[in-house]
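Have a look at the structure below, then the notes.
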2 protein chains.
Amino acid sequence: MDKRERLIESTRELLWERGYVGTSPKAIQERSGAGQGSMYHHFQGKSELALAAIGRSADDLRAKAEAEFSGPGSVVERITVYLRRERDVLKGCPVGRLAQDPDVMADAELRKPVEEYFGWLTGRLAELLDEGRAAGELDQALDPLATATALVAALQGGYILARAAGSPDVFAKAVDGALGLLTTKET
Amino acid sequence: MDKRERLIESTRELLWERGYVGTSPKAIQERSGAGQGSMYHHFQGKSELALAAIGRSADDLRAKAEAEFSGPGSVVERITVYLRRERDVLKGCPVGRLAQDPDVMADAELRKPVEEYFGWLTGRLAELLDEGRAAGELDQALDPLATATALVAALQGGYILARAAGSPDVFAKAVDGALGLLTTKET
DNA sequence: GTCTATAGGGCGATAGAC
DNA sequence: GTCTATCGCCCTATAGAC
């Protein structure tokens with residue numbers, strides 16, 4: 001792995017662990033094993049590096065989710081697979097945590113990939129729910145977009161509650177609760 | 001309002017806006033109108049000041065929620081009042097955002113009020129749901145604790161999605177979705 | 001490409017005058 | 001109680017040698 005690559009990967013890790021405000025160029029250099037000169041040769045500065053890192057993290061999450069959404073099984077089964085996938089719960093969502101970061105939200109460029117990721121995820125889940133409703137798998141009264149938004153929110157909030165409690169079990173409880181509500185709407 | 005009070009209130013605001021990592025003693029002093037000496041006279045340092053601020057924010061949220069939980073109406077009505085209460089959505093949850101902060105979670109003292117707040121909130125909602133189930137207001141198959149956790153998570157995640165989208169409407173959608181799932185479980 | 005040196009400013013805290 | 005002065009260190013970035 002070349003230095004440029006190591007810089008991006010180290011930035012992804014640090015953004016995940018400490019957020020944008022909590023991540024310094026110095027820390028990135030130390031973790032990546034690259035020096036000042038190397039970093040500023042490949043990137044203009046902290047924000048440009050962060051942009052590359054955030055974009056890559058969002059793309060990763062999108063690919064993983066899409067693989068589950070387009071996999072085998074009924075709609076409810078596919079959503080269950082997605083919701084119950086093994087996660088690094090106590091580290092939180094690598095993209096979601098950036099939405100809390102004031103300096104990320106204040107910069108239109110940095111914010112764009114975050115906004116797009118959640119827009120895509122919610123929309124894709126809404127499509128699935130709609131498909132499940134059309135197939136008679138789900139309650140006809142169910143609102144696909146609102147339900148999709150609630151499911152994504154339950155995941156993101158699950159991360160927060162798990163971190164607050166210091167236990168991944170709370171995340172699992174949130175998913176259980178959301179799925180419990182959804183699946184009693186199966187027909 | 002004396003200086004000590006202003007220091008605590010300014011810290012609450014800054015923690016809400018920028019988190020612990022993003023809040024400096026200097027910024028607190030500027031916002032409160034207190035100088036270095038004043039701040040370090042009343043508090044040992046940044047973390048002690050944050051502790052006072054976090055505790056107060058958690059107490060506030062608890063009191064507001066309890067007023068709604070113990071108000072008039074059926075269980076579903078009271079939960080709806082709580083979920084739909086007017087909020088500063090784009091600013092996020094003053095306590096929930098701290099769960100993302102690495103330096104808060106790393107300090108047992110700072111983390112305690114965050115953990116306790118969410119423990120209380122989830123437990124209290126679970127009691128309500130249990131009450132509603134006993135009264136025949138909700139589906140007998142509903143798991144009170146898991147559902148309560150999912151509802152709190154939907155709120156916390158709603159804040160995140162709204163910030164990511166730059167619009168409070170997304171928060172409302174998440175609440176709609178959660179309530180939609182819950183209320184079709186009414187009997 | 002990568003390194004070291006350096007810069008100007010902020011960080012979190014302490015000291016001591018008033 | 002509150003102020004100003006000062007500290008040692010880190011922040012983000014630039015310059016220029018190799």
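Excluded from the calculations below are hydrogen atoms, water molecules and symmetry mates; all remaining heavy atoms, backbone and side chain alike, are included. Just so we're clear, the structure is a prediction, and the values are computed from it rather than from any experiment. Within every chain, numbering begins at 1; the chains are lettered A, B, ... in the order of the sequence lines, protein sequences first and strands thereafter.
The nearest whole Å value for the distance from the CZ atom in Arg6(B) to the C1' atom in dT2(D) is 15 Å. Between the CD atom of Gln36(A) and the C1' atom of dC11(D) there is a distance of 10 Å, given to the nearest Å. Between the P atom of dT4(C) and the CD atom of Glu30(A) lies a distance of 13 Å, rounded to the nearest Å. Whole-Å rounding puts the Leu7(A) CG to dG1(C) P distance at 13 Å. Following rounding to the nearest Å, Glu5(A) (CD) and dG1(C) (C1') show an atom-to-atom distance of 16 Å. Rounded to whole Å, atom P of dT14(C) lies 8 Å from atom CD of Gln44(B). Regarding Phe43(B), its CZ atom lies at a distance of 16 Å from the P atom of dT14(C), rounded to whole Å. Rounded to an integer number of Å, the gap from Gln29(A) CD to dC10(D) C1' is 12 Å.
Taking for each of Gly37(A) and Val21(A) the nucleotide of DNA chain D with the nearest heavy atom, the 5'-most of the two is the partner of Val21(A).
A side-chain donor from one of Arg12(B) and Ser57(B) sits under 3.5 Å from a side-chain acceptor of the other. Donor-acceptor pairing under 3.5 Å is recorded for the side chains of Tyr159(B) and Arg87(B). A donor-acceptor contact closer than 3.5 angstrom is absent between the side chains of Gln156(A) and Gln156(B).
Among dG1(D), dT2(C), dA13(C), the nucleotide with an atom closest to any side-chain atom of His42(A) is dT2(C). When the nucleotides dA13(C), dC3(D), dC11(D) are ranked by their closest atom to the side chain of Ser38(B), dC3(D) comes out on top. Among the nucleotides dT12(D), dG10(C), dT2(C), the one closest to the side chain of Tyr40(A) is dT12(D).
Here the closest non-hydrogen pair linking Ala126(A) and Ala148(A) is N-CB, 3.5 Å.
Between Ser24(B) and the phosphate of dC11(C), there is a side-chain N or O to OP1/OP2 separation shorter than 4.0 Å.
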